[in-house]
Amino acid sequence: MSTTMSTDTSAPSGVGGRLRGLAGARRVWLGVAVLLVLISVVRVVSGEDALTSSSTFSAALLLTAPILLVALGGLYAERAGVVNIGLEGMMILGTWGAGYAGYQWGWQAAIVGGLLFGALGGLLHAVATVTFGVDHVISGVAINILAAGVVRFLSESVYTGRDDGAGITQSPGMASRPPSFSVPVLSSGPDLLGELEELHWFLISDLAGVLRGFTTGVGVLTLIAVLLVPATYLLLWRTAFGLRLRSCGENPAAADSLGVAVYRIKYIAVIISGALAGLGGVVLVFIANIYREGQTNGRGFIGLAALIFGNWRPGGLTGGALLFGFADGLQLRSRSAVVALLLLVAVLLVAICIWQLARRRVVQGVLALVFAAAALVGYLTIEELPTGIVSFTPHLVTLLVLSLASQRLRMPKADGLVYRRGEH
């Protein structure tokens, strides 16, 4: 099995693979550097220091963590061939489990409770899709609806009539708060990055603000979410288990003929998916120190969008999650700074226009230019966006990013297909 399936060309191998990997890494870092320069220019032109402030990026990192965990959860399921629209519902179950366990036994128990409740949602999805062959989208939507009703029922059963602030829509506060840390010298103690940020120099202070935001008050689950990205890559692309899992999402019949336990692998992948979505819900409980109904606010769907934007790859979905987290953090810090994003969007769309025209895609290039002009007009004429639109910024970013990324997506070939042994 291992000899036959090692010819999978989706994973780079040998010297050529390493060279392609290095070239890809260089392109990523070059793109990050160019984006930072553009944001610095927009910050100077608009005068909105919140665009690159450490407080904005600290909030962005914190709000990225739940989206990143949900996206990673979706990656496991969809690489195994199971579409997981139910990530939002599994995240909802995770928030309730974390709130219930956290108020009784503390933050460590909250993590376990969120993982277990999310995994139960994943197990339900696996039973419906893998065993009974229910359409994946229908099962996911049903789980989203069911989860909202289940947590309301559980809250009414457990929290009704209490005098500690709990009720049918929220739990008591957690018994203990999770730890966090700041990197010595850089962000605590002498705080060298903070001093550089206060100088407001072009690019240098912006870089200092970004780095200080990423190294100040980092929570334990945020650190776990970041570490899970390389761990997921190594597991799925550098181990026999990962090869088997990905083969189930590409050609389950061929994998089955080579001895892969397709049904078992799919079950494991979807349960992991639910557990990670539940862990994303735990982050939200840690932020508020309490479970509240409606706490996820659509972040499960945003995590799914980050997964699609990232082309079902760990690195790409991390970039998507960070983008949505930044939009969410910025709208919490400054309503006027959100308007400055229109200028950044205009610049990026002009670059996309040039790129599309260079590839002789005239229609796409013209559309990008039209939207760039609209964004520039919006920046020049709007002083402050209404509160409703500002709070909806992450969702607008989701729609924009997916529309721009739709031309380069390649989902696993058997993703969403019901597999039955012996059928083709």
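Being a predicted model, the structure only gives us computed values, none of them experimental.
Among residues two or more places apart in sequence or in another chain, the side chain to side chain contact (heavy atoms under 4.5 Å, CB included) test is passed with Val112 by Leu116. For Phe371, the ring-ring contact (aromatic ring centres under 6.0 Å, His included) criterion is met by no residue, not counting sequence neighbours. Shown here are the ring-ring contact (aromatic ring centres under 6.0 Å, His included) partners of Phe214, two or more places apart in sequence or in another chain: Phe57. By the side-chain hydrogen bond (donor to acceptor under 3.5 Å, both in side chains) test, Thr131 is found to be paired with Tyr267, residues two or more places apart in sequence or in another chain being considered. Residues meeting the side-chain hydrogen bond (donor to acceptor under 3.5 Å, both in side chains) test with Asp415, sequence neighbours left out: none. Not counting sequence neighbours, Arg264 has no partner by the salt bridge (charged side-chain N to carboxylate O under 4.0 Å, His left out) test.
Using a 4.5 Å heavy-atom cutoff, the side chains of Leu317 and Leu75 are in contact. With contacts defined as side-chain heavy-atom distances shorter than 4.5 Å, the pair Val282/Thr95 does not qualify. Counting heavy atoms from C-beta outward, Trp312 and Met411 have side chains that approach closer than 4.5 Å. For the pair Tyr76 and Thr232, the minimum side-chain heavy-atom distance is below 4.5 Å. The shortest distance between side-chain heavy atoms of Trp107 and Pro179 falls below 4.5 Å. At a threshold of 4.5 Å between non-hydrogen side-chain atoms, the residues Leu234 and Thr239 do not count as touching. Ile85 is listed as a side-chain neighbour of Val83, based on a closest heavy-atom distance under 4.5 Å. Considering only heavy atoms from C-beta on, Arg79 comes within 4.5 Å of Trp237 through its side chain.
In this structure, Tyr100 and Tyr103 have perpendicular ring planes: the angle between them is above 60°, well past the 30° mark.
Residue pairs satisfying the side-chain hydrogen bond (donor to acceptor under 3.5 Å, both in side chains) criterion with at least one member in residues 196-205, sequence neighbours excluded, are listed as follows: Ser54-Glu197. Within the structure, side-chain hydrogen bond (donor to acceptor under 3.5 Å, both in side chains) pairs that include any residue of residues 115-127 comprise His125-Ser139 (at least two apart or interchain). Among residues at least two apart or in separate chains, side-chain hydrogen bond (donor to acceptor under 3.5 Å, both in side chains) pairs with a member in residues 270-287 are Asn84-Ser273. Screening residues 47-58 for salt bridge (Lys or Arg N to Asp or Glu O under 4.0 Å) gives Arg43-Asp49 as the qualifying pairs, with residues at least two apart or on separate chains. Within the structure, the side-chain hydrogen bond (donor to acceptor under 3.5 Å, both in side chains) test picks out the following pairs touching residues 56-71 (sequence neighbours left out): Ser53-Thr56.
A distance of 6.5 Å separates CG in Leu279 from CD1 in Ile224, rounded to the nearest 0.5 Å. Here the OG1-CD1 distance, from Thr318 to Ile67, works out to 12.0 Å after rounding to the nearest 0.5 Å. Here CG of Asn289 is found 4.5 Å from CE of Met174. Values are rounded to the nearest 0.5 Å. Distance CG/Asp135 to OG1/Thr129: 10.0 Å, rounded to 0.5 Å. For the atom pair Leu207 CG and Leu193 CG, the distance stands at 8.0 Å (nearest 0.5 Å).
What you find for Pro66 and Leu62 is that their closest heavy atoms are CD-O, 3.2 Å. Between Val283 and Ala65, the shortest heavy-atom distance links the atoms CG1-CB, 4.2 Å. Looking at every heavy atom in both residues, Leu93 comes nearest to Val151 through CD2-CG1, 4.2 Å. Of all the heavy atoms in Ala208 and Leu196, the pair that sits closest is CB-CB, 3.7 Å. Of all the heavy atoms in Leu38 and Val347, the pair that sits closest is CD2-CG1, 3.8 Å. Residues Cys353 and Leu369 approach most closely at SG-CB, 3.8 Å, considering heavy atoms.
A distance-only check finds a donor-acceptor pair linking the side chain of Gln295 to the backbone of Ile290 [under 3.5 Å]. At distances below 3.5 Å, not a single donor-acceptor pair connects side-chain atoms of Lys413 with backbone N or O atoms of Asn251.
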Step by step, work out the side-chain contact (heavy atoms from CB on, under 4.5 Å) result for Ile111 and Leu115.
CA-CA 6 Å; Ile111 293 177; Leu115 283 170; 4.0 Å; yes

Residues Met91, Leu284; criterion side-chain contact (heavy atoms from CB on, under 4.5 Å); working and verdict
CA-CA 10 Å; Met91 194 179 194; Leu284 300 178; 3.7 Å; yes

Between Val150 and Leu154, is the side-chain contact (heavy atoms from CB on, under 4.5 Å) condition met? List the steps.
CA-CA 6 Å; Val150 166; Leu154 291 174; 3.8 Å; yes

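In summary, the side chains of Tyr263 and Asp256 do not present any donor paired with an acceptor at a separation below 3.5 Å, with no hydrogens or angles considered.
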Contacts table for residues 299-309: side-chain donor-acceptor under 3.5 angstrom, sequence neighbours left out:
unit_1 : atom_1 : unit_2 : atom_2 : d
Arg299 : NH1    : Thr296 : O      : 3.3
Arg299 : NH2    : Asp328 : OD2    : 3.1

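Salt bridge Glu250/Arg410: present, at least one basic N to carboxylate O contact under 4.0 Å.
At least one cation-pi condition fails for Arg152 and Trp96: the charged atom is not both under 6.0 angstrom from the six-membered ring centre and inside a 45 degree cone around its axis.
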